[in-house]
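So that the names make sense, note that chain A is the first sequence line, chain B the second, and so on, each numbered from 1.
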Protein chains: 2
Amino acid sequence: MLTRERIVATAGALVDAEGLDALSVRRLATELGVQGPSLYNHFPTKADIVDAVADAVVERVDLSVFQEAPWHDALRRWAHAYHAVLTEHPNIVPVLAQGPGRRPAGLAMAEAVFGALVDAGWPPARATHIGALMRYLVTGSALGSFALGFDIDPDLYDRYPHLHNAPRLAAHHEAVDEGAFALGLDLLINGLLAQFEGTRR
Amino acid sequence: MLTRERIVATAGALVDAEGLDALSVRRLATELGVQGPSLYNHFPTKADIVDAVADAVVERVDLSVFQEAPWHDALRRWAHAYHAVLTEHPNIVPVLAQGPGRRPAGLAMAEAVFGALVDAGWPPARATHIGALMRYLVTGSALGSFALGFDIDPDLYDRYPHLHNAPRLAAHHEAVDEGAFALGLDLLINGLLAQFEGTRR
DNA sequence: ACCTGAACACCGTTCAAGT
DNA sequence: ACCTGAACACCGTTCAAGT
């Protein structure tokens, strides 16, 4: 028996294991023991299945911090949590980088972030910029590893002397990408905190 | 007559006008007045055509600033220039977000950025983080408009009270996205500059 | 109400055949 | 050396037919 839940769970596992390109209607149907067209009884298009997979990932990001901590602390902890979830499901990030659209969990997350900033006293226009900035950093870093973006063939770097150690990046890719994300988040939040306190006195 | 140059130029125009999904081997061939398989005399796979289109975009980013200005100034001006080029060719950004790979212009850009940071005195590990951070911000912001990521249907936001103005974001999307990017770049570079001067004394 | 087989209009890629 | 037609193994989606 086919249900939306089973379809989304199987599609999500397929995307995690083999990437977005491996998710085809026929392939997903086979995995569910059914023929391709059957899925159209439960979702209008393949894009809706992909959206549901993406929203299931966002649903796993804890938003309770926004009720517990001051805005800068909550923002930092939420960004780390969001980043951690995306690191576990990197193949769906291209969808999330397009914004919440009509996805309920995406909208709930935007509401929590934007609401916390406005309630803390940030002007709405500034809160929008901060929200955008956070999405840029989190999805930008999750979309493709910086370290793995360099080929491991050493001969490739003969004409780029400063990059002679680039082939070694791949071996430490988690540490490199994690460190860059943490540095960026620190710089952004510390800078915002300084601005915030500057306007308060 | 088919040349790599003509193929890349036509493919780039097609991607700009209709998106990456519209670029198919048959469609591109038709636009070039030729049959699909002909393209395989000039490129081994479609992915190589896409890579060439991406590298042609990166080639348009001016790197001369790194010879003229102190690292923080050069970094800021380069990031703005890169961001401006991507804003003109948003549909190819998903490819650039995967890193330089084996693309010559991508590698030359990485060499210029990393080289300038190391030559200025940043430790290589830190320079790597800074380079990664810049790619996260620039590609993250170019990959999908934050403002256009929200649906314009006002009824959608009934259950998200803080987002009641979200449907109006689309009308000012350039200003919103531009402002968020500029804010992020300022925060990052000012923060890095403070760190740099802190270690110098 | 839900699943199927057949069909439509597409894909990327290979390869023998032409010039 | 370069282009073509035919073919292979795929796509997303529609729809009449079955239960």
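- Scored by the side chain to side chain donor-acceptor pair (under 3.5 Å) test, B/Thr87 finds no partners at all (sequence neighbours excluded).
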Problem - Annotated protein contacts, base or backbone, on nucleotides 14-19 of chain C with a non-hydrogen cut-off under 4.0 Å, one of B, S, - each - result: BB----

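- For residues 17-59 of chain B, there are no ring-ring contact (aromatic ring centres under 6.0 Å, His included) pairs, not counting sequence neighbours.
- Applying the 6.0 Å contact sphere to CD1 of B/Ile152 captures no more than 12 heavy atoms from other residues, nucleotides or ligands.
- With pairs defined as Watson-Crick or G-U wobble and both atom distances under 3.5 Å, the stems of at least three pairs that touch DNA chain C come out as C:4-8 with D:12-16, C:12-16 with D:4-8.
- For the side chain to side chain donor-acceptor pair (under 3.5 Å) test, residues two or more places apart in sequence or in another chain that qualify with B/Tyr136 are A/Asp177.
- Remark: A/Asp48 engages no residue in a salt bridge (Lys or Arg N to Asp or Glu O under 4.0 Å) (not counting sequence neighbours).
- Under the salt bridge (Lys or Arg N to Asp or Glu O under 4.0 Å) criterion, A/Glu31 pairs with A/Arg27, sequence neighbours left out.
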Sequence neighbours excluded and cut-off under 3.5 Å, please list the side-chain donor-acceptor pairs for residues 112-122 of chain B, or say none.
| unit_1 | atom_1 | unit_2 | atom_2 | d |
| --- | --- | --- | --- | --- |
| B/Asp119 | OD1 | A/His162 | NE2 | 3.2 |

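- Here B/Asp153 pairs with A/Arg102 under the salt bridge (Lys or Arg N to Asp or Glu O under 4.0 Å) rule; sequence neighbours left out.
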Kindly give the atom pairs (protein nitrogen or oxygen, nucleotide nitrogen or oxygen) under 3.5 Å for nucleotides 8-11 of chain C.
| unit_1 | atom_1 | unit_2 | atom_2 | d |
| --- | --- | --- | --- | --- |
| C/dC11 | OP1 | B/Ser24 | OG | 3.0 |
| C/dC11 | N4 | B/Arg26 | NH2 | 3.3 |

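- Residues satisfying the side chain to side chain donor-acceptor pair (under 3.5 Å) test with A/Arg126, not counting sequence neighbours, are A/Gln195.
- Contacts of A/His80 classified as ring pair (Phe, Tyr, Trp, His ring centres under 6.0 Å), with partners at least two apart in sequence or in another chain: A/Phe181.
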